[in-house]
Amino acid sequence: SKAQIGVTGLAVMGSNIARNFAHHGYTVALHNRSIAKTDALLDEHGSEGNFIRTETMQEFVDALEKPRRVLIMVKAGDPTDAVIGELADVMEKGDIIIDGGNSLYTDTIRREAAMAERGLNFIGAGISGGEEGALNGPSIMPGGPAVSYESVGPMLEKISAHVDGEPCCTHIGPDGSGHFVKMVHNGIEYADMQLIGEAYDLMRRGLGMEPAEIADVFAEWNKGELESYLVEITAQVLAQVDAETGKPLVDVVVDQAGQKGTGRWTVKAALDLGIPVTGIAEAVFARALSSASDQRSAATSLASGTLAEPPKDKDQFIEDIRRALYASKMVAYAQGFDEISAGSQEYDWNVNPGALATIWRGGCIIRAKFLNRIRDAYADNKDLPSLLLAPYFTDAVESSLDSWRRVVSSATLMGVPVPAFASSISYYDGLRSERLPAALTQGLRDYFGAHTYKRIDKPGTFHTLWGQDRTEVQTD
Ligand code: NBP
């Protein structure tokens with residue numbers, strides 16, 4: 001019998017998703033550029049379900065029932081284009097290609113249009129959850145034509161994670177929408193990890209605590225409103241002891257954070273859309289600073305100025321850090337959802353933010369109890385101007401504000417960098433300000449570039465004759 005689904009690209013992600021499909025009773029056709037990966041998968045896990053081994057692309061598509069459904073799990077960029085090209089040459093009208101890699105959404109828009117011209121259906125599906133999620137249930141964000149979703153959606157929903165009986169997979173919208181929201185998901189993940197890092201650093205360098213003790217703090221935090229996958233695994237990583245040296249693992253790991261690009265893409269897209277995603281941007285830049293090893297080693301001799309002692313009441317300060325983390329995290333999510341809403345408007349995707357929060361509750365790296373709050377906020381008001389204006393978030397930030405301010409000021413006085421905490425509170429203060437110094441910026445722009453300004457008291461566009469008698473003229 002033929003396979004209901006084919007997976008090509010059998011590295012970490014592809015092989016685990018192929019097994020996940022098989023575990024759910026589907027017959028899965030397997031394909032990989034080099035046959036070694038296909039055979040390794042069959043050797044180790046071939047008995048877990050019904051697999052069909054194929055070597056060539058032609059054999060692969062011949063093994064599939066029509067309309068054919070193929071999931072591509074190869075490296076994003078040129079390899080994905082190469083595989084799509086090979087597949088399109090042997091597929092027939094009505095067949096469906098799903099790209100499950102971390103593709104850039106603009107590539108997905110281009111590919112979807114090119115495939116539609118050839119009569120093929122193309123779905124760009126963001127898949128989160130890493131290796132473990134791929135095997136046991138990821139969060140899946142598919143974008144593409146509704147008719148193709150009807151054909152593959154039920155299968156994707158079945159293999160996705162489930163929370164309270166609901167699948168962590170839903171049709172996001174047309175063409176690049178799935179990869180766009182996956183990109184922002186990763187950006188939020190960057191911000192979340194940076195905030196966790198800053199909280200750790202404040203306890204480590206600020207309060208002089210040991211990693212094992214800080215691990216206990218995170219484990220405790222994971223019992224409350226911060227409950228999330230990332231906080232849970234932070235406790236585990238901090239508790240890990242290096243077998244070779246007997247030191248905490250975190251002390252023997254090189255402190256230079258890598259990145260593969262999705263955080264940077266999130267910030268680039270936000271710049272183009274004009275949406276401030278300060279938490280995510282600070283996280284991307286913090287990784288860049290950590291990796292600037294030559295500059296860093298040259299700069300260790302730079303002066304610190306007089307540094308303050310840590311706050312006297314250690315328990316109070318730890319609680320302040322917890323609240324600062326929670327408030328900053330709310331800002332990062334609010335900003336990420338703003339970017340999604342702007343992208344959705346720009347490309348006419350009609351993304352439903354509440355549905356998105358729902359499918360991020362399980363399977364993915366940013367899964368957190370807190371996402372229920374986001375879902376509820378959009379259920380109450382789908383046109384929320386900002387997540388921070390939903391009653392739960394308004395109250396939660398308000399009750400954390402004093403702690404948040406103490407943490408950011410103490411950090412600066414102690415010389416501990418907190419770029420994400422600090423930019424988040426500044427964003428919050430900016431957002432709630434009745435007047436911003438942008439009025440002065442407009443005055444300066446008008447002075448040197450005749451860029452004009454609007455007045456608060458009457459309609460129209462104005463310019464002051466700065467180089468002449470400084471009278472005001474109306475230009476529009
Ligand atoms: P990789 O991103 O490491 O890609 C390896 C696969 O790409 C292999 O199957 C390789 O075939 C194939 N490939 C390459 Br490279 N160039 C090719 C070409 N020109 N033609 C055909 N096949 C080619 O695998 P991964 O880490 O499993 O990730 C797969 C996708 O899922 C990526 O887009 C990734 O960004 C995304 N993703 C990864 C994670 C994660 O946690 N790792 C999470 C979520 C999403 P070969 O065996 O013949 O070399």
Side-chain angles (χ1 to χ4, degrees), residues 6-9 11 13-14 31 33 57 60-61 67-128 140-153 156 169-187 259-275 277 339-351 356:
V7 180
T8 181
M13 290 295 284
H31 179 268
R33 177 178 61 177
M57 237 359 148
F60 181 52
V61 299
R68 301 180 179 88
R69 305 178 194 94
V70 168
L71 174 64
I72 303 179
M73 289 305 299
V74 304
K75 217 182 241 334
D78 293 341
T80 301
D81 275 315
V83 174
I84 291 171
E86 289 166 36
L87 267 173
D89 286 344
V90 288
M91 284 180 125
E92 290 168 32
K93 276 195 180 358
D95 287 348
I96 302 165
I97 297 176
I98 309 153
D99 170 19
N102 270 335
S103 293
L104 183 58
Y105 68 100
T106 45
D107 285 344
T108 304
I109 293 174
R110 166 177 60 78
R111 290 167 183 154
E112 200 270 330
M115 290 302 113
E117 253 177 44
R118 300 175 69 161
L120 296 173
N121 293 306
F122 190 82
I123 291 193
I127 301 184
S128 175
I140 310 180
M141 295 148 253
V147 301
S148 334
Y149 190 79
E150 273 170 35
S151 169
V152 298
L156 296 177
C169 171
T170 190
H171 185 216
I172 302 296
D175 54 70
S177 60
H179 277 133
F180 187 91
V181 301
K182 170 61 172 28
M183 171 189 78
V184 177
H185 162 285
N186 284 28
Q259 44 182 321
K260 284 191 172 172
T262 45
R264 191 162 53 225
W265 292 347
T266 310
V267 178
K268 279 188 186 172
L271 289 172
D272 288 338
L273 292 164
I275 301 299
V277 289
E339 179 167 356
I340 287 167
S341 142
S344 178
Q345 265 174 23
E346 172 79 15
Y347 295 101
D348 263 331
W349 284 331
N350 209 8
V351 174
L356 198 56

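As the structure is a computational prediction, the values presented were derived from the model and not from experiment. Side-chain atoms are counted along with the backbone in the values below, which use heavy atoms only and exclude waters and symmetry mates.
In this structure, Pro174 and Asp348 approach most closely via the heavy-atom pair CG-O, 4.3 Å. Here the closest non-hydrogen pair linking Val74 and Gly9 is CG1-CA, 3.7 Å. Taking both residues in full, the closest heavy atoms of Ala125 and Ile98 are given as CB-CG2, 3.9 Å, listed atom of the first, atom of the second, then distance. Listed here is the closest heavy atom pair of Met183 and Ala269: CE-CB, 3.8 Å. Nearest approach of Val70 to Thr8, heavy atoms of both residues: CG1-CG2, 4.0 Å. Taking both residues in full, the closest heavy atoms of Leu120 and Glu92 are given as CD2-O, 3.2 Å, listed atom of the first, atom of the second, then distance.
The CG atom of Asp99 sits 8.5 Å away from the CD1 atom of Ile127 when rounded to the nearest 0.5 Å. One finds the CD atom of Glu339 at 11.5 Å from the CD atom of Glu346 (value rounded to the nearest 0.5 Å). Rounding to the nearest 0.5 angstrom, the gap separating the CD1 atom in Ile340 from the OG atom in Ser177 is 10.5 Å. Distance check, rounded to the nearest 0.5 Å: CD1 of Ile72 to CG of Asp81 gives 9.5 Å. In this structure, CD1 on Ile140 lies 10.5 Å from CD1 on Ile172, to the nearest 0.5 angstrom. Atoms CE and NE2, on Met141 and His171 in that order, are 14.0 Å from each other to the nearest 0.5 Å.
For residues 73-121, every residue pair satisfying the ring-ring contact (aromatic ring centres under 6.0 Å, His included) rule, not counting sequence neighbours, is listed here: Tyr105-Phe180, Tyr105-Tyr347. Sorted by first then second residue, the ring-ring contact (aromatic ring centres under 6.0 Å, His included) pairs that include residues 69-89, not counting sequence neighbours, number zero. For residues 260-272, the set of pairs meeting the side chain to side chain donor-acceptor pair (under 3.5 Å) definition, not counting sequence neighbours, comprises Asn186-Thr262. Applying the salt bridge (Lys or Arg N to Asp or Glu O under 4.0 Å) test to residues at least two apart or on different chains, the pairs with a partner in residues 113-125 are Asp89-Arg118.
A distance-only check finds a donor-acceptor pair linking the side chain of His179 to the backbone of Gly101 [under 3.5 Å].
Partners of Ser151 under the side-chain hydrogen bond (donor to acceptor under 3.5 Å, both in side chains) rule, at least two apart in sequence or in another chain, are Arg69. Applying the salt bridge (charged side-chain N to carboxylate O under 4.0 Å, His left out) test to Asp175 and every residue at least two apart in sequence or in another chain returns nothing.
Counting heavy atoms from C-beta on, the side chains of Val181 and Trp349 never come closer than 4.5 Å. Using a 4.5 Å heavy-atom threshold, the side chains of Leu87 and Phe60 count as touching. Here the side chains of Thr80 and Asp107 are not in contact, with every heavy-atom distance at 4.5 Å or above.
A side-chain N or O of Ser103 and one of Arg111 form a donor-acceptor pair less than 3.5 Å apart.
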